Peer 1: 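Before I ask anything, here is the structure I am working with.
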There are 2 protein chains.
Amino acid sequence: MNQTEAPYPQVLVSVDTVVLTLQDDALHVVLVRRSQPPFEGVWALPGGYIHAQEDADAQDSAVRVLRDKVGIAGAYLEQLATFSGPARDPRGWSVAIAYCALVSSAQLPPHDGVKRVPVAALGQLPFDHHAIVAAALARVRNKSQYSSLPVHLCGETFTLPQLQQVYESILGEPLNKVSFRRKMDEMQLLEAVPGAMRSGGAHRPAQLYRVRAPFQQALALSVRGL
Amino acid sequence: MNQTEAPYPQVLVSVDTVVLTLQDDALHVVLVRRSQPPFEGVWALPGGYIHAQEDADAQDSAVRVLRDKVGIAGAYLEQLATFSGPARDPRGWSVAIAYCALVSSAQLPPHDGVKRVPVAALGQLPFDHHAIVAAALARVRNKSQYSSLPVHLCGETFTLPQLQQVYESILGEPLNKVSFRRKMDEMQLLEAVPGAMRSGGAHRPAQLYRVRAPFQQALALSVRGL
DNA sequence: GAAATAGTGTCTCTTAGACATTATGAA
DNA sequence: TTCATAATGTCTAAGAGACACTATTTC
């Protein structure tokens with residue numbers, strides 16, 4: 001920020017969110033139907049303007065957008081990147097501060113004008129929302145290679161086989177079971193819940209785990225990946 | 001102030017740049033003396049407003065700021081993060097899209113009202129520039145653990161011992177020479193220049209290298225770090 | 001007991017770092 | 001020849017993955 005060049009240009013500033021969740025072992029992105037022009041009636045990323053009187057910062061704006069337009073509270077949220085230029089919005093030169101949220105299916109209640117679309121089957125999106133989603137996917141897939149990020153797609157408790165399946169769904173490749181468990185152990189990310197889960201049927205039940213308190217918000221990092 | 005259209009928030013948007021360079025084996029950040037209020041006469045990060053008529057996007061604005069205010073052209077530049085809130089600028093709720101640039105000493109010519117300060121001896125900075133610098137340092141130190149990022153602090157050609165010293169200056173710890181060379185080799189980042197460099201004195205000269213064309217802009221990544 | 005999945009033990013192959021050795025120029 | 005640093009060879013320790021084996025539930 002620096003010395004003025006006369007009047008400030010009129011630049012539109014908004015916040016867009018990429019909400020990712022898992023359904024049927026596949027990443028889905030949440031879209032909302034736009035109620036106003038431009039692109040009225042079109043499915044798009046949840047977004048909105050900054051409320052200067054109300055928001056403590058842009059992340060706070062994103063939290064508000066998620067609450068009001070998607071009905072989500074308490075999601076894992078991180079800033080993704082900022083997209084800008086004269087062409088991305090027909091109203092003129094604009095800036096979109098993009099955030100990425102990860103939620104479990106349970107955190108995502110049915111909500112009017114909200115749907116989930118598999119990222120593999122995303123159609124056309126308005127604005128540059130396709131590029132924003134692509135950036136979110138790249139970020140999540142990259143971070144999943146060395147951090148605990150994917151736990152935010154799970155519910156309160158989960159089994160290690162379930163968590164491994166979540167990682168595999170994101171990364172798109174199978175993982176070695178022994179190595180996976182070694183890494184989870186090293187990260188000291190999880191604690192066992194004293195109760196076993198019984199899955200579908202005729203087999204040994206799996207131990208349930210929850211995320212340890214220090215990592216409810218922060219990520220755990222694995223030194224040498226995975 | 002210009003609150004022309006009702007639904008759009010009154011938010012100031014600017015671009016700030018953290019220019020990092022090496023001097024005496026220590027990271028330095030480039031500051032410019034502000035010529036206008038607020039904080040007139042104070043040393044701060046180079047920044048400026050977006051020129052909607054002129055800039056193709058915010059990164060383009062950053063390139064222009066670096067050219068006009070610091071005299072830099074062709075620097076490695078990447079978006080860092082976006083800082084926002086009501087308190088960071090006395091003029092009101094503001095958004096700063098921050099970029100990080102890495103330049104060699106040679107790319108940074110003497111320029112009026114421009115100085116380099118060791119990051120270890122950074123005093124007070126106006127706005128939230130201290131947080132922006134901290135984010136840049138965290139990013140650069142992290143990425144230097146697994147990528148070719150530090151080559152952008154070197155000049156056109158350099159020796160492997162020099163490059164290792166650059167990495168060590170950034171990371172703040174010595175590296176294993178054999179492993180370092182293995183990794184550089186695996187990344188296929190460098191190509192030898194047919195001419196040896198003679199350093200200070202009575203010892204074997206070192207081979208000069210340059211960055212291979214595919215990595216002039218993009219980064220080379222090492223799978224398992226370093 | 002059979003089937004199915006959870007969880008662990010162990011071996012091997014790969015990789016990283018420590019150390020030692022050779023190379024090459026200047027004084 | 002000595003000195004200083006460049007460059008490389010090699011051994012060892014640590015880590016990751018493959019595989020196999022045990023555990024525990026339902027039917």
Side-chain angles (χ1 to χ4, degrees), chain A residues 25 144-148 150-151 154-155 157-169 171-210 220-226, chain B residues 25 144-148 150-151 154-155 157-169 171-210 220-226:
Chain A
D25 292 337
S144 296
Q145 291 176 339
Y146 60 87
S147 81
S148 62
V151 298
C154 299
T157 62
F158 45 85
T159 68
L160 281 176
Q162 283 176 336
L163 183 59
Q164 182 171 349
Q165 175 60 54
V166 170
Y167 272 84
E168 290 173 343
S169 299
L171 297 173
E173 62 182 6
L175 298 178
N176 182 283
K177 183 169 63 166
V178 177
S179 297
F180 180 77
R181 284 160 181 258
R182 262 197 298 247
K183 287 299 182 179
M184 288 299 135
D185 192 49
E186 284 169 14
M187 286 199 283
Q188 303 188 67
L189 170 70
L190 306 174
E191 61 187 1
V193 181
M197 164 188 189
R198 66 193 66 234
S199 62
H203 59 271
R204 175 173 175 177
Q207 175 65 53
L208 279 172
Y209 292 86
R210 71 167 77 92
L221 304 178
S222 174
V223 186
R224 262 172 287 276
L226 232 159
Chain B
D25 291 338
S144 297
Q145 291 175 338
Y146 60 86
S147 82
S148 61
V151 298
C154 298
T157 63
F158 44 85
T159 68
L160 282 176
Q162 283 175 336
L163 183 58
Q164 181 170 349
Q165 175 60 54
V166 170
Y167 272 84
E168 290 173 342
S169 298
L171 298 173
E173 61 182 7
L175 298 177
N176 182 283
K177 183 170 62 166
V178 177
S179 298
F180 180 78
R181 284 161 181 257
R182 262 198 299 247
K183 289 298 181 178
M184 288 298 134
D185 193 49
E186 285 169 14
M187 288 199 284
Q188 302 187 67
L189 171 71
L190 306 174
E191 60 187 3
V193 180
M197 165 188 191
R198 64 194 68 231
S199 60
H203 59 274
R204 175 173 175 178
Q207 175 65 52
L208 278 172
Y209 293 87
R210 72 167 76 93
L221 303 178
S222 174
V223 187
R224 263 171 287 277
L226 230 160

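The structure presented is a predicted model; accordingly, all values stated were derived computationally and were not measured. Proteins come first, then strands; the chains are lettered A, B, ... in the order of their sequence lines, and each starts at number 1.
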Peer 1: If I take atom CG from residue Leu190(B) and atom CG from residue Leu208(B), how far apart are they, to the nearest 0.5 angstrom?
Peer 2: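 Going from CG on Leu190(B) over to CG on Leu208(B), the span is 11.5 Å.
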
Peer 1: Which residue pairs satisfy the ring pair (Phe, Tyr, Trp, His ring centres under 6.0 Å) criterion with at least one member in residues 181-201 of chain B, sequence neighbours excluded?
Peer 2: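 Ring pair (Phe, Tyr, Trp, His ring centres under 6.0 Å) check on residues 181-201 of chain B returns no pairs.
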
Peer 1: Taking atom C1' of dG7(C) as reference, at what distance in whole Å does atom CG of Leu208(A) sit?
Peer 2: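 In whole Å, dG7(C) C1' lies 15 Å from Leu208(A) CG.
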
Peer 1: Might you list the N or O atoms of the protein lying below 3.5 Å from N or O atoms in nucleotides 19-23 of chain C, with each pair's distance?
Peer 2:
residue : atom : partner   : partner atom : Å
dA23(C) : O4'  : Arg204(B) : NH1          : 3.2
dA23(C) : N3   : Arg204(B) : NH1          : 3.3

Peer 1: CG of Leu175(A) versus C1' of dA16(D): gap in Å, rounded?
Peer 2: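 Roughly 12 Å, once rounded to whole Å.
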
Peer 1: Let me see the working for Tyr167(B) and Lys183(B) under side-chain contact (heavy atoms from CB on, under 4.5 Å), right down to the final yes or no.
Peer 2: CA-CA 13 Å; Tyr167(B) 272 84; Lys183(B) 289 298 181 178; over 6 Å; no

Peer 1: Roughly how many Å is it from CZ in Arg181(B) to P in dA16(C), rounded to a whole number?
Peer 2: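 Computing the Arg181(B):CZ to dA16(C):P distance gives 17 Å.
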
Peer 1: Nearest to the side chain of His203(A) - dG17(D), dT25(D), dT5(D)?
Peer 2: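 Between dG17(D), dT25(D), dT5(D), the one nearest the side chain of His203(A) would be dT25(D).
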
Peer 1: Tell me every residue that passes side chain to side chain contact (heavy atoms under 4.5 Å, CB included) with Ala192(B), counting only those two or more places apart in sequence or in another chain.
Peer 2: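 Testing Ala192(B) for side chain to side chain contact (heavy atoms under 4.5 Å, CB included), a comparison that skips the adjacent residues, returns Gln207(B), Tyr209(B).
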
Peer 1: Among dT25(D), dA7(D), dG25(C), which nucleotide has an atom closest to any side-chain atom of Pro205(A)?
Peer 2: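 When the side chain of Pro205(A) is considered, dT25(D) is the closest of dT25(D), dA7(D), dG25(C).
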
Peer 1: Could you list the residues that satisfy side chain to side chain donor-acceptor pair (under 3.5 Å) with Gln188(B), not counting sequence neighbours?
Peer 2: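 Gln188(B): no side chain to side chain donor-acceptor pair (under 3.5 Å) contacts found.
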
Peer 1: State which residues pass ring-ring contact (aromatic ring centres under 6.0 Å, His included) with Phe158(B); sequence neighbours excluded, sorted by chain then number.
Peer 2: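 For Phe158(B), no residue satisfies ring-ring contact (aromatic ring centres under 6.0 Å, His included) once neighbours in sequence are set aside.
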
Peer 1: According to the side chain to side chain donor-acceptor pair (under 3.5 Å) rule, which pairs have a member within residues 157-166 of chain A, sequence neighbours left out?
Peer 2: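 Pairs touching residues 157-166 of chain A that pass the test: Gln164(A)-Glu168(A), Gln165(A)-Ser169(A).
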
Peer 1: Five pairs per end, C1' atoms only: what is the angle between the end axes of the helix from dG1(C)-dC27(D) to dA27(C)-dT1(D), to 10 degrees?
Peer 2: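 One end axis against the other gives 10°.
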
Peer 1: Assess the residue pair Met184(A) and Arg181(A) against the criterion (side-chain contact (heavy atoms from CB on, under 4.5 Å)); give the C-alpha distance rounded to whole Å, side-chain angles, the decisive distance to 0.1 Å, and a yes or no.
Peer 2: CA-CA 5 Å; Met184(A) 288 299 135; Arg181(A) 284 160 181 258; 5.6 Å; no

Peer 1: Rounded to whole Å, please give me the gap between CE in Met184(B) and C1' in dA7(D).
Peer 2: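 After rounding, the reported distance stands at 16 Å.
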
Peer 1: With Arg182(B), which residues qualify under side chain to side chain contact (heavy atoms under 4.5 Å, CB included), at least two apart?
Peer 2: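 Applying side chain to side chain contact (heavy atoms under 4.5 Å, CB included) to Arg182(B) gives Val178(B), Ser179(B).
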
Peer 1: Please report, rounded to the nearest Å, how far the C1' atom of dT8(C) is from the CD atom of Gln207(A).
Peer 2: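 After rounding, the gap between these two atoms is 15 Å.
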
Peer 1: With Arg210(A), which residues qualify under salt bridge (charged side-chain N to carboxylate O under 4.0 Å, His left out), at least two apart?
Peer 2: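 Testing Arg210(A) for salt bridge (charged side-chain N to carboxylate O under 4.0 Å, His left out), a comparison that skips the adjacent residues, returns Glu191(A).
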
Peer 1: To the nearest Å, how far apart are Phe180(A) CZ and dT8(C) C1'?
Peer 2: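 Value for this atom pair: 16 Å.
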
Peer 1: Among the nucleotides dA4(C), dA16(D), dA26(C), which one has an atom lying closest to any side-chain atom of Ala202(B)?
Peer 2: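 Comparing dA4(C), dA16(D), dA26(C) against the side chain of Ala202(B), the answer is dA26(C).
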
Peer 1: Distances under 3.5 Å between protein N/O atoms and the N/O atoms of nucleotides 13-15 of chain C, please, pair by pair.
Peer 2:
residue : atom : partner   : partner atom : Å
dT15(C) : OP1  : Arg224(B) : NH2          : 3.4

Peer 1: Starting at atom CD of Gln145(B), determine the distance to atom P of dA16(C), rounded to an integer number of angstrom.
Peer 2: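 Checked: the CD to P distance equals 14 Å.
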
Peer 1: dA16(D) C1' sits how many Å from Asp185(A) CG, rounded?
Peer 2: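 My rounded result for the distance is 15 Å.
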
